[in-house]
Amino acid sequence: MKLLYTTSKLGIGERIYQTKRTIQEASATCPEKINSVSGANKKRRRLDLELEAEKKSESSDSSDEEEEIKEAIEKIATHSYNFGKVEECIKKPLNSDQAFPNMPAHQKAAHKPSSKPAVFIPVDRSPEIQEARLKLPILAEEQVIMEAINENPVVIICGETGSGKTTQVPQFLYEAGYASSNGIIGITEPRRVAAVSMSHRVAKEMNLSHRTVSYQIRYEGNVTDETKIKFMTDGVLLKEIQKDFLLLKYKVIIIDEAHERSVYTDILIGLLSRIVPLRGKKGQPMKLIIMSATLRVEDFTDNKKLFPTVPPAIQVDARQFPVTVHFNKKTPVDDYSGECFRKVCKIHRMLPAGGILVFLTGQAEVHSLCRRLRKAFPFHKNKTEGGEENEESVEETKKFKKSKQKKTMPLPKIDLNNYSVLPVDEGDEDREAEMDDEEDAVGSDLDLDLGDDGLEEGEKSDSSLPLYVLPLYSLLASEKQAKVFRPPPLGTRLCVVATNVAETSLTIPNIKYVVDCGKVKKRFYDKVTGVSSFRVTWTSQASANQRAGRAGRTEPGHCYRLYSSAVFSDFEKFSPPEITRRPVEDLVLQMKALNIEKVINFPFPTPPPTEALAAAEELLIALGALQKPPKTGRLKELQVAKLSCPISSLGITMASFPVAPRYAKMLALSKQHGCLPYAITIVSAMTVRELFEEFERPAVSEEETEKLKGKKARVIQMQRIWAGQGASQKLGDLMVMLGAVGACEYAGCTPKFCEVNGLRYKAMLEIRRLRGQLTTAVNSICPDAGLFVDPKMKPPSETQVIYLRQIVLAGLGDHIARRIQAEELLDEKWKNAYKTPLLDDPVFIHPNSALFKQFPEFVVYQEIIETTKMYMKGVSAVESEWIPILLPPYCHFEKPLAIPPPFYCPETGRIRCHRPSVFYRVGWQLPAVEVDYPEGIDRYKYFAKFLLEGKIIKQLGFYKRCLLSSPLTMLKTWSK
DNA sequence: GAGCACTGC
């Protein structure tokens, strides 16, 4: 056994070894082996101590400069940093009138005496590119933008999608010499695809090679020494800050899509708000440019804690076509899916050519709507015309005809560009809606009676209009997703039924009509218990406008909102930033690794709830990633200390693994008995979502229903095989994951293998890449591990499975559950249920789990998701005697037992004893286990007794018989 | 005995 991190105080890892010993002793297997292991263990521990000594001497050498930086970082944490002269040169926000029309921005920059670049870097663009560029509104703003950047350390650029800011601003900076000498331009994107595609596009526009305009994302990149413009994902830059806090290689950082408020973007903005003045102070100034959609800049400009001096914001127009927004007069109470169906039918029948994009909330809805639409407007590859209408679509036609008889109304004219968050009033809708009777209301959206010919044509070809219907959601296989980007078959209209992926991540070409149900499915977390659930709620105004904008990418379009304008005006303006809605233990650990101890004082654009910060700190302390706060002192001081614990050496190791802290802990404990390759695989599989294909969805045809049934049966059979035999089964769902990945890699990880065995190919590729990344990370911390990703990895031995189960328990200690005992079963709802420390309600093993119906007494789980019940997923069985040894922070230990009696351990030089314990909050009685004798007078009494008995120094034993009274006297209560 | 949106290191 050896920990990956070096420390003289062996932590829980050592306990794993001891656990193993107690377990093996209990099962009386192979005592010699244990001894040999413990010998190796001691040798390694010595090595650890040496390493630690080396480390210390290294760190004492650190230069003054590093000290200064460290101090600065600490000041960030305490928020006492004095900005000094940097602020004094910040000017008031600029407006376009202040621009100097006849002087190029780079020349103006040259007039400045400060460190601003004085060079103009020529770029050789092709005539076509030059022409296309000139059409972009942002080009007219170059001078204003560059002026603002030259004059201010922080600038905000606002512009909607289509303004060209992502591709053009880096080029402005390059031409103005910001990447000329010793520094580069960095641009962060919230998505990998965006980072890659933007780098390609900018390289092409500038006629430069990928060696100069490059990208870096999690698993790959083409950055070279010559790189001048670097696109990357936000997480990549955050990791770089860990290595070089001041980001000295960058002259400019651009944060793109800041309005999306991804967690990493938020943290980057907080950090950069402090790094920029530090760089100024150091005489190596850096510029920060935040690019955001127009409506959400207040979070950055009105936040004095973030930017004490308001940074200038420059507005850039977008080249977007007008989108006419139509509200429903009445909002369907429940059946928004059906309402979508009716609306698409009408658009398809009545309106001129142009793709339709429908927004729904989830996979199942998407598939069921696809199925209905395909039935209503069948499209067969080889049939040119005709095709019989089924009953459903006849029904729809009737409804449609009925609605047609109503009077026509003029279309509201709304230009999305000038479209405020509040809708233009369409008249007295509510009164009208009330006047409609129920039946009429269904088809009362007269907005569709537009245009003359559109209407006529719709009528004529009513019976046979092929519609090319495609589903789109994130978990869909790539090749199926790719279909939406290709032109639809001749004579058909494209209709994409999508989830929120189509709102930001994927842009579908040639969409003219958007149908927006107004809903989103979101994940909710309970701040205290961490239980998550998925709920469908109304979306935000900003997101509804984003959806509408998807109709105006190539020509003027229409957006049909299936809710009234009154409902819309009740939407929240923006969805709350992600950082306020999810657990933050990973972020807190990252920040602690940057020596930001008082995370609560960090200048977040929007801070997470205090409860979430406290829960994160508590978990990290329990995992041993943070140093324990003192137990004595004044209550108030204790509370403060509890929220500002410094990182531990284990925590530093954990922070270097790019996975959740619970999983990072597992990796840090796995260097024993060849467990690392397995732990890496399990952690990778747990990190990647949805390994298995979902077969429960409604099928498109009868044929498909049969196919799905067959597949499902096959997958269940495979999962049973992957769950392993005998003792391996106790690793539960994690064993299934390990088996699935192992089998898939063994077969070469082909799409075919995945398809046949119900595995998601995309997930398997991601796991493969994550395994590679984690293997590299472990090797770099622990070079003697010599790990590699083995595609022919053998299944773990039964002993290894036991270690893996213990490792998993150590990482998921707060996710433990115990089966309800027969005598506790007071209520029927607790039948087959489990109890957890934080929840009052029963939880259950998910029916898809490998341990369903096995009911181990103690389990750990990956997560609890509440649906009809609270279900534990990713379940693994644990043994009760491991709990006190692996999770002491959660156990209250009782007095040492008299039998078996305490004893002296010559290997550690400590007094050992057996102590029973109870699990915190729930008071589960846990078996007595061997631990160090607790601190106090009794420990010294025992030491004295063993000393006199000659247990500690053998030679003293010789004098035992000469003693006036027995060494046992030392234990008497009256003994002093 | 089920039913999970989206994304980054």
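Order of the sequence lines sets the chain letters (A, B, ...), proteins ahead of strands, with each chain counted from 1.
- In this pair, A/W538 and A/Y563 present their aromatic rings perpendicular. The plane angle is above 60°, beyond the 30 to 60° band.
- OP1 or OP2 of B/dT7 sits under 4.0 Å from a side-chain N or O of A/S474.
- When the side-chain nitrogen and oxygen atoms of A/T867 are compared with OP1 and OP2 of B/dG3, one or more of them lie within a distance under 4.0 Å.
- Checking the phosphate oxygens (OP1, OP2) of B/dC9, no side-chain nitrogen or oxygen of A/K239 falls inside 4.0 Å.
- A/T868 has no side-chain polar atom (N or O) that falls below the 4.0 Å cut-off from OP1 or OP2 of B/dG1.
- Both A/K522 and A/Y219 lie near DNA chain B, and the one whose nearest nucleotide falls closer to the 5' end is A/K522.
- When the side-chain nitrogen and oxygen atoms of A/Y871 are compared with OP1 and OP2 of B/dA2, one or more of them lie within a distance under 4.0 Å.
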Mind running side-chain contact (heavy atoms from CB on, under 4.5 Å) on A/Y663 and A/Q862 for me, showing each step along the way?
CA-CA 10 Å; A/Y663 304 158; A/Q862 193 181 352; 3.1 Å; yes
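- OP1 and OP2 of B/dG8 both lie 4.0 Å or more from every side-chain N or O belonging to A/T265.
- Salt-bridge annotation for A/E339 and A/K519: absent, with no side-chain N of the basic residue lying under 4.0 Å from a carboxylate O of the acidic one.
- Phosphate contact (OP1/OP2 of B/dG3, side-chain N/O of A/H367, threshold under 4.0 Å): absent.
- The nearest whole Å value for the distance from the CD atom in A/Q216 to the P atom in B/dG8 is 14 Å.
- Close to B/dC4, at under 4.0 Å from its OP1 or OP2, lies no side-chain N or O of A/Q363.
- In this structure, A/E766 and A/N500 both approach DNA chain B, and ranking their closest nucleotides by distance from the 5' end singles out A/N500.
- Residue-environment remark: CZ (A/R201) stays at or below the threshold of 12 foreign heavy atoms within 6.0 Å.
- The side chain of A/S532 contributes no N or O atom lying less than 4.0 Å from OP1 or OP2 of B/dC4.
- Between A/R582 and the phosphate of B/dT7, there is no side-chain N or O to OP1/OP2 separation shorter than 4.0 Å.
- Within the 4.0 Å cut-off from OP1 or OP2 of B/dC6, at least one side-chain nitrogen or oxygen of A/R689 is found.
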